[in-house]
Protein chains: 2
Amino acid sequence: MDPSKGTIGDCKELMLSLRDFGDIWRGKWKIQIILYLSINKDKTIYFTQIRRDIPGISSKMLSKELKELEINRLVSRIVHPTIPVKVEYLITAHGESFAPVAETMILWGLQHRKLILGIIAALNQ
Amino acid sequence: MDPSKGTIGDCKELMLSLRDFGDIWRGKWKIQIILYLSINKDKTIYFTQIRRDIPGISSKMLSKELKELEINRLVSRIVHPTIPVKVEYLITAHGESFAPVAETMILWGLQHRKLILGIIAALNQ
DNA sequence: CCGCATCCGCCATGATACTG
DNA sequence: CAGTATCATGGCGGATGCGG
């Protein structure tokens, strides 16, 4: 975190990493999905179950997001050849490594909410 | 992190926090801007300087993002009545509280990059 | 220098319906 | 059940130009 080089605004490396991070996790759904699978990693979770438990997500989005998460080795898929077919989704070890990051986000979000609500309360009084 | 309630997929609270978090930080730029101001908090930073140091951002976007960050009390503005006017941007204490979150993101991003590059290398050999 | 206005393309997301 | 196909749309974000 030290801009040791001469000019202002070096630390491009950090900015680039952040950009990479953003590219992977952009969009409304992926982080919620990973958190969900992370929390329920001891259960057997099928496609429709996820869709039911993440309010507002459509089949299309869920399918797309899961595909991208799989490409990034964050979840894995197991097809059960029953009739009709069922597809199980699991979080990978690598996917689980994201849980602490999500936790940091959540804690910050709560703290932020408290601060903003405090400001609003002060304004209204 | 424990789904103690009966059904699968409780922990709605966590998901909601995550959604709030996403709403605040949506888009390509805000996190980069906060990190930039956080790193350079000991320097005097004007609008144009930020635009120069965050590659690719336009005036419009920078202006819009800064406004939203200001509303959320993450940055503050000081207008210097010179001719022409200069506007200084500072990170707030609350804004600084985001630095650890950004750091977590960066570290995870680096680890992820390594893992993916490893997989690609294995495939090509 | 700072930032707003305008125009515009494109992509993410949503709604709905449909297959194996 | 697990998606895919199609269409619609709103907002993100880029380009350019203007005004204080």
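Residue numbering restarts at 1 for every chain, and letters A, B, ... go by the order of the sequence lines. Quick note: numbers below take in every heavy atom, side chains included, and nothing from hydrogens, waters or symmetry partners.
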Query raised in the report: With sequence neighbours excluded, what pairs up with A:Trp25 under the side chain to side chain donor-acceptor pair (under 3.5 Å) test?
Result: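 For A:Trp25, no residue satisfies side chain to side chain donor-acceptor pair (under 3.5 Å) once neighbours in sequence are set aside.
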Query raised in the report: What is the ring orientation for A:His112 with B:His94, classed by angle as parallel under 30°, tilted 30 to 60°, or perpendicular over 60°?
Result: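 Rings of A:His112 and B:His94: parallel, under 30°.
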Query raised in the report: So B:Phe47 and B:Tyr89, would you call those rings parallel, tilted or perpendicular, with 30° and 60° as cut-offs?
Result: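 Ring orientation of B:Phe47 relative to B:Tyr89: tilted.
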[atom2] on [Y] to [atom1] on [X], rounded to 0.5 Å:
X	Y	atom1	atom2	result
B:Ser17	A:Glu103	OG	CD	11.5 Å
A:Ile34	A:Leu66	CD1	CG	8.5 Å
A:Leu14	B:Met105	CG	CE	13.5 Å

Closer than 4.0 Å, any side-chain N/O of [X] to the OP1 or OP2 of [N]?
X	N	answer
A:Lys64	D:dG3	no
B:Arg77	C:dG3	yes
B:Lys67	C:dG3	no
B:Tyr89	C:dG3	yes

Query raised in the report: Any side-chain heavy atom of B:Ile33 sitting closer than 4.5 Å to one from B:Ile57?
Result: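 A side-chain contact exists here, since the closest heavy-atom pair is under 4.5 Å.
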What is the separation between atom [atom1] on [X] and atom [atom2] on [N], rounded to the nearest whole Å?
X	N	atom1	atom2	result
A:Met61	D:dT9	CE	C1'	13 Å
B:Glu70	C:dG3	CD	C1'	13 Å
A:Leu62	C:dT13	CG	C1'	14 Å
B:Glu88	C:dC1	CD	C1'	14 Å
A:Glu68	C:dT13	CD	P	9 Å
A:Ile78	D:dG3	CD1	P	13 Å
B:Gln32	D:dC12	CD	C1'	15 Å
B:Trp29	D:dG11	CH2	C1'	16 Å

Query raised in the report: Between the side chain of A:Lys114 and the main-chain N/O of A:Leu110, is any donor-acceptor distance below 3.5 Å?
Result: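 Flag not set: sc A:Lys114 to bb A:Leu110 has no pair under 3.5 Å.
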Query raised in the report: Are there more than 12 heavy atoms of other residues, nucleotides or ligands under 6.0 Å from atom CZ of A:Arg73?
Result: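 No.
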Polar pairs (N or O, both sides) under 3.5 Å between protein and nucleotides 16-20 of chain D?
none

Query raised in the report: Want to settle it: does B:Gly27 or A:Leu66 sit nearer the 5' end of DNA chain D, counting the closest nucleotide to each?
Result: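 Between the two, 5'-proximity favours A:Leu66.
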Query - Pairing annotation in dot-bracket form, given for DNA chain C with Watson-Crick or G-U pairs under 3.5 Å and | for cross-strand partners - result: |.||||||||||||||||||
Report task. Could you check whether B:Arg51 gets within reach of a base, just the sugar-phosphate, or nothing at all, counting any heavy atom under 4.0 Å? Result ->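 It contacts nothing in the nucleic acid.
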